[in-house]
Amino acid sequence: MRITRRQTLLGAGAALLPVPARAAPDYRLDPRQVADGVWLFEGAQDSIARGNGGAICNIVMLESPEGAIVVDTGGTHRHGAALRAFADGRLGGVAAALNTHHHPDHWFGNGAFADRPIHALPGTIAAQKAGAQALSDGLYRILGSWMQGTAPLPATVQAGGDLALGGRGLTVMALSGHTGADLALIDGRTGTLIAGDLLFLDRAPSFPDADIAAWRAALSILGGLPVTGTVPGHGPFHRDSRAVAQTLAYLDAFAARMDAAATQGLTPVEALAAGPVPAFAGMAANPAEYRRAAVQQWRAFEISALPVIGGSV
Amino acid sequence: MSAILCHRLPGGEAGLAAFGGGLTRLDRLDSGMWDMHRADLLGAPDAWRSDPGLRLLAPGNAEDARHVPILADATGLGRVDRMVVTIDYSPFPLALVFHPGRALPLLGFGVKYEIAGPIRASALTGGAWIMGGAFIDALGGGCSAPAATHARPDWQDGFGEMRARLWPDTGRLRVGIRHPMDTGLADGIPAHHLTDLTLTDARGDEIARLEIHEPLEENPVLTFLLPPGLAQGPVGITARDTSGFRFSGKVAA
């Protein structure tokens with residue numbers, strides 16, 4: 001807990017006062033410009049937890065004459081409101097927002113942008129509508145007061161082809177693999193790739209809705225793009241292609257580990273307990289992310305390892 | 001001595017140690033419904049203890065409340081007459097009763113989780129009960145949600161399909177049956193679940209038997225451990241459910 005000046009002044013006597021309801025903590029934004037008019041709010045390299053308020057994914061704002069184009073809106077309403085305040089105060093308001101995919105750390109702040117168009121792929125909007133309640137229940141439980149005021153608002157505009165928002169041209173790529181609908185963007189002015197969670201760097205990828213084969217295909221597309229810099233969904237901005245290489249290596253190693261476990265007759269909880277591939281064991285969010293992934297992805301590997309030998313008689 | 005196979009994966013032995021090795025932490029488990037379930041489900045034994053010879057591997061939280069993977073390995077205890085799996089705060093606290101017979105006392109399975117709390121495997125050996133358990137955090141809903149298969153109009157397609165494989169080098173046997181395992185708690189869906197499964201040898205004599213109750217996961221996959229004399233197969237597998245359906249298959253090494 002952060003100590004305020006008031007608490008310091010009250011000193012030891014504060015311990016005798018009635019304990020007030022704990023106020024929701026504040027989001028501290030630390031944006032920096034990584035390219036011309038491209039502002040990056042880097043997420044905590046961790047799982048969603050009370051220590052980070054769910055502010056774990058990267059958020060990007062692109063400046064335009066009509067205000068900021070906000071790519072992903074934060075993990076809670078209050079996170080979204082803090083981002084909105086920055087856009088209003090520093091970037092001349094908000095032209096539009098986008099959601100790269102339906103995982104809650106990327107769009108539960110939509111409520112703070114409800115007066116502006118919020119773009120997402122059709123598959124993302126459908127998944128937002130279907131999953132909002134369950135995701136919200138889970139996050140209220142994990143995040144507590146950080147979630148105050150969060151009523152998930154699905155995106156309102158279906159993204160199709162390329163966009164020109166506030167006069168800023170964006171190449172829109174409708175991909176999949178991390179989820180059933182993953183939007184990646186290239187900012188025309190700077191050549192910056194905003195990859196959403198198709199790319200992770202130095203943080204274990206998450207798999208709750210992953211299709212590993214489709215994800216590999218998306219990575220091969222992203223790897224061939226002539227871009228000047230890359231913002232992964234989680235991890236630092238970088239100018240080479242290492243997030244593509246690392247994410248692909250992680251997918252391959254994870255799939256090989258699941259396959260080895262299933263074909264040797266291990267149970268899923270043994271695969272889980274064995275922990276991540278040693279090369280990735282020290283990565284941020286591991287072993288927790290690996291353990292989740294082992295449960296999420298196990299069934300497909302298991303079925304291919306067990307032949308049909310009988311049935312109903 | 002344990003029959004856990006984490007070491008088959010690179011770094012898996014260290015991973016298992018970091019995971020806690022499946023050892024029971026009694027400080028969190030001599031509580032909850034344990035007194036009551038010992039009385040109601042185990043015949044009220046006064047004498048019980050935990051023992052490193054019984055390891056229970058379970059995730060710390062239920063990532064998917066409909067499929068929580070568990071492994072109970074009592075091979076460190078010697079001969080086990082039966083092993084009873086209970087879940088403290090489940091609407092159906094009795095999950096499984098395993099009679100290892102001529103198999104080894106190891107059982108892998110998945111359960112549905114309705115609410116956070118302990119799961120326990122209690123093994124009766126030499127007249128004494130050994131309890132291994134773990135606390136599993138869960139958001140819940142595993143027992144009261146409809147089986148995923150009912151979201152499809154063709155859920156009967158593939159119903160009862162049996163998959164299995166025998167690994168003679170380790171003695172592992174894994175068996176899966178396509179079954180909705182309906183608990184009766186989901187709106188408009190009556191109870192319909194497996195009730196028992198039996199393993200038999202080449203002569204048709206029983207190897208081991210499992211009594212099955214509502215918490216077992218949809219499309220369950222079970223893991224057994226056979227001694228070298230039986231691990232070459234063939235092994236017959238038969239099962240029944242509450243609607244009188246019978247399932248059968250045979251697996252060879």
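Each chain gets a letter, A, B and so on, in the order the sequences are listed, and its residues count up from 1.
- Annotation for Asp187(B): atom CG does not count as buried by contact number, only 12 or fewer foreign heavy atoms lying within 6.0 Å.
- The shortest side-chain heavy-atom distance between Leu57(B) and Thr267(A) does not fall under the 4.5 Å cut-off.
- Heavy atoms closer than 4.5 Å to chain B are found in the side chain of Val295(A), but not in its backbone.
- Within the 4.5 angstrom heavy-atom criterion, atoms from both the backbone and the side chain of Ser248(B) approach chain A.
- In this structure, chain A has a heavy atom under 4.5 Å from the backbone of Ala138(B), while its side chain stays farther away.
- With a 6.0 Å radius and a threshold of 12 heavy atoms from other residues, nucleotides or ligands, Arg240(B) has its CZ atom at or below the threshold.
- With chain B as partner, the option from Pro208(A), Ala273(A), Ala261(A), Ala134(A) having the largest number of non-hydrogen pairs under 4.5 angstrom is Ala273(A).
- For the set Val221(B), Ile237(B), Val68(B), the count of heavy-atom pairs under 4.5 angstrom toward chain A peaks at Val221(B).
- Looking at Leu166(B), there are no atoms closer than 4.5 Å to chain A (heavy atoms on both sides), in backbone or side chain.
- For Arg163(B) (side chain) and Ile303(A) (main-chain N/O), a donor-acceptor pair under 3.5 Å exists by modelled atom type.
- Between Arg299(A) and His67(B) the shortest heavy-atom distance is NH2-ND1, 3.8 Å.
- Only the backbone of Ala58(B) comes within contact range of chain A, with heavy atoms under 4.5 Å apart.
- Looking at Glu63(B), its side chain never comes within 3.5 Å of a backbone N or O of Arg292(A) through a donor-acceptor pair.
- For a residue to count as touching a neighbouring chain, one of its non-hydrogen atoms must lie under 4.5 Å from one of that chain's; by this rule Ile70(B) touches chain A with the backbone only.
- In this structure the side chain of Glu270(A) never reaches within 4.5 angstrom of the side chain of Leu9(B), judged on heavy atoms.
- Shown here is Glu206(B), whose CD atom has more than 12 heavy atoms of other residues, nucleotides or ligands within 6.0 Å.
- At least one side-chain heavy atom of Val269(A) sits less than 4.5 Å from a side-chain heavy atom of Pro59(B).
- Residue with the most contacts toward chain B among Leu306(A), Ile309(A), Val277(A): Ile309(A) (heavy-atom pairs, distance under 4.5 Å).
- A salt bridge links Arg174(B) with Glu302(A); the closest basic N to acidic carboxylate O contact falls under 4.0 Å.
- Heavy atoms of Ala281(A) lying under 4.5 Å from chain B are absent altogether.
- Asn219(B) touches chain A through backbone and side chain together, each having a heavy atom under 4.5 Å away.
- Using a cutoff of 4.0 Å between basic side-chain nitrogens and carboxylate oxygens, Asp137(B) and Arg141(A) are scored as salt-bridged.
- Contact count against chain A (heavy-atom pairs under 4.5 Å) is highest for Leu5(B) among Leu173(B), Leu5(B), Ile4(B).
- Looking only at distances, no side-chain donor or acceptor of Trp167(B) sits under 3.5 Å from a matching main-chain atom of Leu266(A).
- The heavy-atom pair separating Pro268(A) from Pro69(B) by the smallest distance is CG-CB, 3.7 Å.
- Using a 4.5 Å cut-off between heavy atoms, Ala262(A) contacts chain B through its backbone alone, with no side-chain atom that close.
- Interface check for chain B: of the options Gly275(A), Ser312(A), Ala271(A), the most heavy-atom pairs under 4.5 Å are formed by Ser312(A).
- Here the CZ atom belonging to Arg165(B) is positioned 9.5 Å from the CD atom belonging to Gln264(A), to the nearest 0.5 angstrom.
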*Could you give me the CA-CA distance, side-chain angles and deciding distance for Arg291(A) and Phe19(B), then say whether side chain to side chain contact (heavy atoms under 4.5 Å, CB included) is met?*
CA-CA 10 Å; Arg291(A) 290 173 183 165; Phe19(B) 191 73; 3.5 Å; yes
